[in-house]
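Working notes for the structure below.
Each chain gets a letter, A, B and so on, in the order its sequence line appears, and its residues count up from 1. Everything numeric in this text was worked out from a predicted model, so none of it was measured.
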Amino acid sequence: MEKFTTVSGPAAPMLSANVDTDVIIPIQRLVGTGRTGLGPYAFERLRYNKDGSDNPDFVLNRPQYRDSPILLAGPNFGCGSSREGAVWALMGMGFRAVLAPSFGDIFFNNCFQNGMLPIALPEETIRQIATETEAAQGARHTRVDLARQVVVTPDGHEVPFTVDARKREALLEGLDDIALTLRMQDRINAWYAADRAARPWAWESVER
Amino acid sequence: MPATMFDKIWDPHVVADLGGGWSLLYCDRVLVHDLSGGRALQEVGEAGYKVARPDLVFATPDHAVSSAPGRTSETFPTGARLLAGLRQRAAETGVRLFDLGQDGNGIVHVMGPELGIVLPGTTLVCGDSHTCTNGGVGSLAFGIGASELRHVLATQTLPQKKPKRMRIRFEGTAPPGVTPKDMILAAIGRFGAAAGTGYAMEYAGSAVRALSVEGRLTLCNLSIEMGAKIGMVAPDETTFAWLAGRDFAPKGAAWEAAVKAWRALPTDEGASFDRDLLIDMRDIAPQITWGTSPEQVLPVTGRVPDPAEAPSPEKRTAWEAALTYMGLTPGQEIAGTKVDWVFIGSCTNSRIEDLRAAAAVLRGRKVAPHVTAWVVPGSERVKHEAEAEGLHTAFREAGFEWREPGCALCVAANGESVPPGARCVSTSNRNFVGRQGTGARTHLASPAMAAAAAVAGAIADVRQFAA
């Protein structure tokens, strides 16, 4: 997994409520494809005109946000389908952090699995960062510092945030969850042995 | 201390406390499907791990399979490759596969409970957000992403943060035309698409107790559309009677022990919820969505709202975009809106009761000539049961296509889609932009409402279509 320490750049404002993972990446782009190469299809139903040209009204098509590493989003961003391709597509577009008032639970977990940092901040803070960014036409940057757990807004205000200690460490170090869990194999085995005795009904009819 | 059903299932499944509210949770069952299952099994091996407990993993192709009558696994070529991968990896790892056309195959959240793979008091994960459906039998079930799925397959466990507890009580009796789909859509409309984010949801109250297992599965299915990964209904005699004798349900003495354990699962009197909400069934009418989020929903007698009245700038932006996409005008009556397609199916509403309810509206009536109407049963068993009852004939005589089991037009990952600009009344769970196909306009409703729309050729009030 890619490490995350700090990210800095113009924060692209897309402040609509309930942006779902179907909109972030259509399922048709994930049928039989891999984790890479999805960037061009991110938000494709909003991003392109019917003839395939860029839709100039779509905020991420504006020149100042084309290489933006930070997405400012509305409440419940990433709701809906569990498709991890939503994270892969956003990363394929160059995003490393999403700042929103709230996130879909599954999307939120999927972010951490891929070195993407989702940060929940109050609605007013998101709007403020958007206002400051837009006032400078994207020329002034937002900075996300995971080690210090602060977002520095374009006007220099420091906004603290918290990330679960476990997730923070994994992002900073780029750790693999499976290897960590398998260190607890004895406890997993012990749990199963005890539960097998306590709840034989849960296991007998499926074990082989 | 009084405990919720959620805590009674979660706590004993904790293998290790990881600190900060995180637990390593044992996963009793894993369901995988064609879209991500083959690759997940493959990646576990490639990373140098083994599938920890293949006996606890069950596979079914559903997402990327054609629903066309007479289909084979080759009908949709892209899906054929995914299914070939799933077959190969399942065989290599010893995972049970319920293959296309075989008994037991179907939409993953239909076949799981149907085969008794999903049981009360168990934990279940699947790489699909509608895994919450399975809470309808009292399982603690939730959807996960591709990385989490790989982790579960390799370890049979998953690090998870314990969610908060939320309950919605539906009290009273269902008014005419009101189904479990209307109950949950009304709840999402009232509380919002993010109301359940960070919570495990329990549905309770007299109206929930009165529901069949099929109805409870529908209710729990849309938990994720309210933001909740987990939705549950306490198991009771209805559940036990429904599960008894199913393929992977315990038998004999084990069944007796199971039922004894399951009777202790319901939330104790006095247990506390972080959020506890009440809905009076008298306030619910048949529902239909107008926008591109399930929270954008109305009683069928309602009018399309004006974005000027949206509660926040972010919602106003969303409402405006939704109206443009859906081709609707603020203030217009939603009933009477012309419909081009009707889809009855999906893990929400493709079970036998759903098909009976739709067929009851259709008997003696015809689908409007301009409407393309599909019914896609949720599983091989649902299909055969429906055919034994003659439901397929009722659908066909009315002008519906009777198709083969799968997710089909709910997610349009199988080469089938609603055409651009076409308006579809759908019994599925998501009215998202492009969900049923690029430019497709989706209105979510119950099976009976969908049948009524097919006959009227427009969004219609099912109460005017008494069987």
Side-chain angles (χ1 to χ4, degrees), chain A residues 15-23 26-28 30-32 35 45-46 74-76 79-85 87 101-107 109-110 113-114 123 127 164-166 176-178 180-182 184-185 187-188 190-192 195 198-208, chain B residues 15-16 18-20 22 24 26 28 35 47 49 55-56 64 78-79 81-82 119 122 127-129 143-148 150-151 154-157 159 161 193-194 197-198 227 229 248-251 254-255 257-258 261 293 295 313-315 317-318 321 411-413 430 432-435 438:
Chain A
L15 306 191
S16 185
N18 300 323
V19 171
D20 58 76
T21 55
D22 274 80
V23 162
I27 196 76
Q28 293 80 10
L30 300 176
V31 179
R35 294 175 181 236
R45 287 180 176 134
L46 308 176
N76 206 22
C79 61
S81 160
S82 58
R83 62 190 67 172
E84 200 159 315
V87 179
S102 58
F103 295 90
D105 282 342
I106 304 174
F107 173 83
N109 278 0
N110 287 343
Q113 301 282 352
N114 293 279
E123 222 156 49
R127 289 178 193 151
D164 279 315
R166 195 188 140 72
D176 173 2
D177 260 1
I178 297 178
L180 286 177
T181 297
L182 288 176
M184 291 185 278
Q185 188 64 55
R187 295 178 71 175
I188 297 171
W191 184 94
Y192 182 73
D195 197 78
R199 291 192 310 157
W201 56 264
W203 311 107
E204 275 177 8
S205 56
V206 293
E207 281 172 347
R208 291 191 287 213
Chain B
V15 173
L18 303 176
W22 287 79
L24 187 67
Y26 200 87
D28 297 348
L35 208 56
Y49 304 115
D55 54 337
L56 305 181
T78 315
R81 290 201 297 278
L82 289 173
L119 298 171
T122 58
D128 187 284
S129 61
I144 56 178
S147 300
E148 288 180 318
R150 209 168 39 182
H151 187 286
T155 70
Q156 206 56 36
T157 65
K161 190 163 192 179
T197 303
K229 279 205 298 195
F248 293 97
K251 306 283 177 343
W255 171 260
S293 163
E295 73 176 19
E314 291 78 9
K315 291 230 168 153
T317 305
V411 63
R430 288 184 174 140
F432 296 161
V433 169
R435 172 81 177 185
T438 301

Looking at A:G85, A:S102, A:G80, A:A190, which has the largest count of heavy-atom pairs under 4.5 Å with chain B? A:G80

Looking at B:P250 and B:A258, what are the two nearest heavy atoms and their distance? CG-CB, 3.8 Å

Quick check for you: among B:A16, B:G227, B:A321, which has the greatest number of heavy-atom pairs under 4.5 Å with chain A? B:A16

Is it the backbone or the side chain of B:Y26 that comes under 4.5 Å from a heavy atom of chain A, or both, or neither? side chain

Just jot down the side-chain hydrogen bond (donor to acceptor under 3.5 Å, both in side chains) partners of B:D55, sequence neighbours excluded, or say none. B:R53

With side chains defined as the heavy atoms from C-beta onward, is the minimum distance between B:K251 and A:S205 less than 4.5 Å? no

Quickly, which of A:N18, A:V19, A:D22, A:T21 forms a side-chain contact (heavy atoms from CB on, under 4.5 Å) with B:F432? Name it, please. A:D22

If you count heavy-atom pairs under 4.5 Å between each of B:S293, B:G20, B:A193 and chain A, which one has the most? B:A193

Charged N to carboxylate O below 4.0 Å: is that the case for B:K161 and A:D164? yes

Can you check side chain to side chain contact (heavy atoms under 4.5 Å, CB included) on B:L35 and A:I27, steps first, answer last? CA-CA 10 Å; B:L35 208 56; A:I27 196 76; 3.6 Å; yes

Quick check on the interface: out of A:V87, A:L15, A:D105, A:L180, who has the most heavy-atom pairs with chain B under 4.5 Å? A:D105

Among the listed options A:Q113, A:R208, A:R83, A:Q28, the residue most often paired with chain B at heavy-atom distances under 4.5 Å: A:R208

Best-contacting candidate, A:E207, A:Q185, A:R166, A:M184, against chain B by heavy atom pairs under 4.5 angstrom: A:R166

Which region of A:D177, side chain (C-beta onward) or backbone (N, CA, C, O), has a non-hydrogen atom less than 4.5 Å from a non-hydrogen atom of chain B, or is it both or neither? both

I'd like to know which of B:K315, B:R435, B:E295 tops the heavy-atom pair count under 4.5 Å against chain A. B:R435

B:T157, part contacting chain A, at a heavy-atom distance under 4.5 Å: side chain

Does any heavy atom of chain B fall under 4.5 Å from the side chain of A:R187, the backbone, both, or neither of them? both

A:E204 portion near chain B, given a 4.5 angstrom heavy-atom threshold: side chain

Check against side chain to side chain contact (heavy atoms under 4.5 Å, CB included), A:S81 and B:R430: CA-CA 9 Å; A:S81 160; B:R430 288 184 174 140; 3.5 Å; yes

Measure A:I178 against the heavy atoms of chain B and call it side chain, backbone, both or neither at under 4.5 Å. both

Show your working on side chain to side chain contact (heavy atoms under 4.5 Å, CB included) between B:V15 and A:Y192 and close with a plain yes or no. CA-CA 9 Å; B:V15 173; A:Y192 182 73; over 6 Å; no

So which of A:L46, A:L30, A:N76 has the largest heavy-atom pair count under 4.5 angstrom toward chain B? A:N76

Using a 4.5 angstrom heavy-atom cutoff, name the option from B:G434, B:A154, B:G143, B:G198 with the most pairs to chain A. B:G434

Would you mind checking which part of B:A146 comes under 4.5 Å of any heavy atom in chain A, side chain (CB onward), backbone (N, CA, C, O), both or neither? both

Interface moiety of A:W201 toward chain B, non-hydrogen atoms closer than 4.5 Å: both

In terms of heavy-atom proximity below 4.5 Å to chain B, should A:R45 be classed as side chain, backbone, both, or neither? side chain

Among A:N110, A:N114, A:D195, which has the most heavy-atom pairs under 4.5 Å with chain B? A:N110

Answer with side chain, backbone, both or neither: which region of A:F107 has an atom nearer than 4.5 Å to a non-hydrogen atom of chain B? neither

Rounded at 0.5 Å granularity, tell me how far OG1 in A:T181 sits from CD1 in A:I188. 6.5 Å

Should B:Y49 and A:L182 be marked as a side chain to side chain contact (heavy atoms under 4.5 Å, CB included) after you check the CA-CA gap, both sets of side-chain angles, and the distance that decides it? CA-CA 10 Å; B:Y49 304 115; A:L182 288 176; 3.5 Å; yes

Between A:R35 and B:S147, is any pair of side-chain heavy atoms under 4.5 Å apart? yes

Residues in ring pair (Phe, Tyr, Trp, His ring centres under 6.0 Å) contact with B:W255, at least two apart in sequence or another chain: B:W262

